[in-house]
Protein chains: 2
Amino acid sequence: MGTKIFIVDDHYMIVEGIRSLLQYQKGIEWMGHAMNAASCLAFLQQEQPEVILMDINLPDMSGIDLCKEVKAKYKGIHIVGLSSFNQQSFIQKMLDNGASGYVLKNATREELVDAIETVMNGKIFLSNEAELTVKKNEDSKTPIITRREKEVLLLIANGLTNNEIAVKLFISITTVETHRKNLLAKFEVKNTASLIRMATQFQLI
Amino acid sequence: MGTKIFIVDDHYMIVEGIRSLLQYQKGIEWMGHAMNAASCLAFLQQEQPEVILMDINLPDMSGIDLCKEVKAKYKGIHIVGLSSFNQQSFIQKMLDNGASGYVLKNATREELVDAIETVMNGKIFLSNEAELTVKKNEDSKTPIITRREKEVLLLIANGLTNNEIAVKLFISITTVETHRKNLLAKFEVKNTASLIRMATQFQLI
DNA sequence: CTCAATATCCTGTTTTCAGGGGATTGATTG
DNA sequence: CAATCAATCCCCTGAAAACAGGATATTGAG
């Protein structure tokens, strides 16, 4: 009997694609698929696969949250993230929430099989490109900003002036200025335009 | 003999998924697939399909450009855009470049078949959701900005001050100020932060 | 408990931006 | 041809943000 796998993805083409790639693969047993988080959880109450391939974008819940929930309830299930994006923040969040690996949607059959085998052996699997991204982003990583700074950043992005922000957050305008100063410093930029640009690139807003 | 279709997409899973969805579909003849723009163009020199399903994200060329090129050389081929994103700007650009339709990657088999039939009849096909997006964005559409304004916008986004922009573009600082004023007016915002935010949302930078 | 991080507040000065006005040139187009 | 628009330039004012120095609670992890 092969490794029991299950897929959660709301894209028919992806589900069919993976089914087609793995259908006659030795050592792999296709248990079915779910199109959303809810029916995935419902399925798991009946049967448990060994590996779940899980999209990070689901209609009812983010794959990141679903990953957390599944790992909390069924510790033995290995989860492989599945996404067309090659973005470090998502990869990291999936891994933080208990995922054992991450495969891009342009993976080959070999890569898929490799991923499933690797996580079954208790190891971490990252797509080649995903691995590169992780490495690349080690240099230019997202600045670590505090909760308050993020609040201020969001309000800046929404076009509020320091004064308006101060009113909204019940703090002094000078405090807002300080947070702003720190944001500029942390992002290593020298004005608002670059700040907002960087922040969007890092997907903070 | 069915409608001859061809697929250009660099995602194995998508290609396999579509193949699986359409393989035994009556009235459709699968001609093959290409993983990039170059091999698509090479294939077209040998044979011409009636409908091409084309990803907007290709490794060597954007689907938007490829669409233009294919339509220029082979006017009779109907092109259906294929993407996981539901973004008005992409849809619009594909249609501007001669595409006959647009299908999201979470389309069902029925939707795919419908799309192919529709474009074969010389009509435009848009995915349900894509149609909604187009409608939604009719209200809040991208401002029309001039070449020069876009240049200035990019430099603002890169963190240059008016002075630096003036030097770089060999124009007076007052001219830069004017362009900036016009940008704020066109985007209907009142400061740089909002301007950059809007510009990124409209994917101008 | 201690220390570092965080959040808060202050006073200045200088630079940059926003918003108001008006004007000229050249290209396009109905 | 007249009208429109893009692109250029100019002046002015006041507001906002950036820069340079501080200082002081609070709190949370080791």
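Every chain is numbered from 1 and lettered A, B, ... according to where its sequence line falls, protein lines coming before strand lines.
Not one side-chain nitrogen or oxygen of A:Thr174 sits closer than 4.0 Å to the OP1 or OP2 atom of C:dT8. Distances shorter than 4.0 Å separate none of the side-chain N or O atoms of A:Thr178 from OP1 or OP2 on C:dC9.
Taking the side chain as every heavy atom from C-beta outward, B:Asp55 and B:Val8 never approach each other to under 4.5 Å. Using a 4.5 Å heavy-atom cutoff, the side chains of B:Lys168 and B:Leu160 are in contact.
Atom P of nucleotide C:dC10 and atom CD1 of A:Ile171 are separated by 12 Å, given to the nearest angstrom. The distance between atom CD1 of B:Ile196 and atom C1' of C:dA18, rounded to the nearest whole Å, is 15 Å. Between the P atom of C:dT28 and the CZ atom of B:Arg147 lies a distance of 10 Å, rounded to the nearest Å. Residue B:Arg148 contributes atom CZ, which lies 17 Å from atom P of C:dG26 at whole-angstrom precision. The distance from atom NE2 of A:His179 to atom P of C:dC10 is 13 Å, rounded to the nearest whole Å. Summarising the geometry, the separation between CG on B:Asn163 and C1' on C:dT15 is reported as 10 Å, rounded to the nearest angstrom. Distance A:Glu177 CD to C:dT8 P: 14 Å, rounded to the nearest Å. Here the P atom of nucleotide C:dC17 and the CG atom of B:Leu183 are 13 Å apart, to the nearest Å.
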Could you go step by step and tell me if B:Lys105 and A:Asp9 meet the salt bridge (charged side-chain N to carboxylate O under 4.0 Å, His left out) rule?
CA-CA 11 Å; B:Lys105 286 187 178 173; A:Asp9 198 318; over 6 Å; no

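For A:Glu188, the CD atom counts as loosely surrounded, since its 6.0 Å shell holds 12 or fewer non-hydrogen atoms of other residues, nucleotides or ligands.
With a heavy-atom cut-off of 4.0 Å to chain A, the contacted part of DNA chain D has its first and last nucleotide at D:dA17 to D:dG21.
Within 4.0 Å of B:Asn191, counting heavy atoms only, lie sugar-phosphate atoms of the nucleic acid but no base atom. As judged by a 4.0 angstrom heavy-atom cut-off over every strand, B:Thr175 is placed among the base-contacting residues. Residue contacts for A:Asn162: at a heavy-atom cut-off of 4.0 Å it reaches the sugar-phosphate backbone alone, with no base atom in range.
For C:dG20, the base has a donor-acceptor partner in the side chain of B:Lys181 [N/O atoms by modelled type, under 3.5 angstrom].
A centroid separation of 6.0 Å or more is found between the aromatic rings of A:Tyr102 and A:Phe125.
DNA chain D is contacted by both B:Val176 and B:Lys186; B:Lys186 maps to the nucleotide lying nearer its 5′ end (nearest heavy atom per residue). Residues B:Ile144 and B:Ser172 both approach DNA chain D. Their nearest nucleotides, taken by heavy-atom distance, put B:Ile144 toward the 5′ side.
Using a 4.0 Å cut-off between charged side-chain N and carboxylate O, B:Glu177 and B:Lys181 make no salt bridge.
Annotation: the span from A:Tyr12 atom OH to A:His33 atom NE2 amounts to 7.5 Å, rounded to 0.5 Å.
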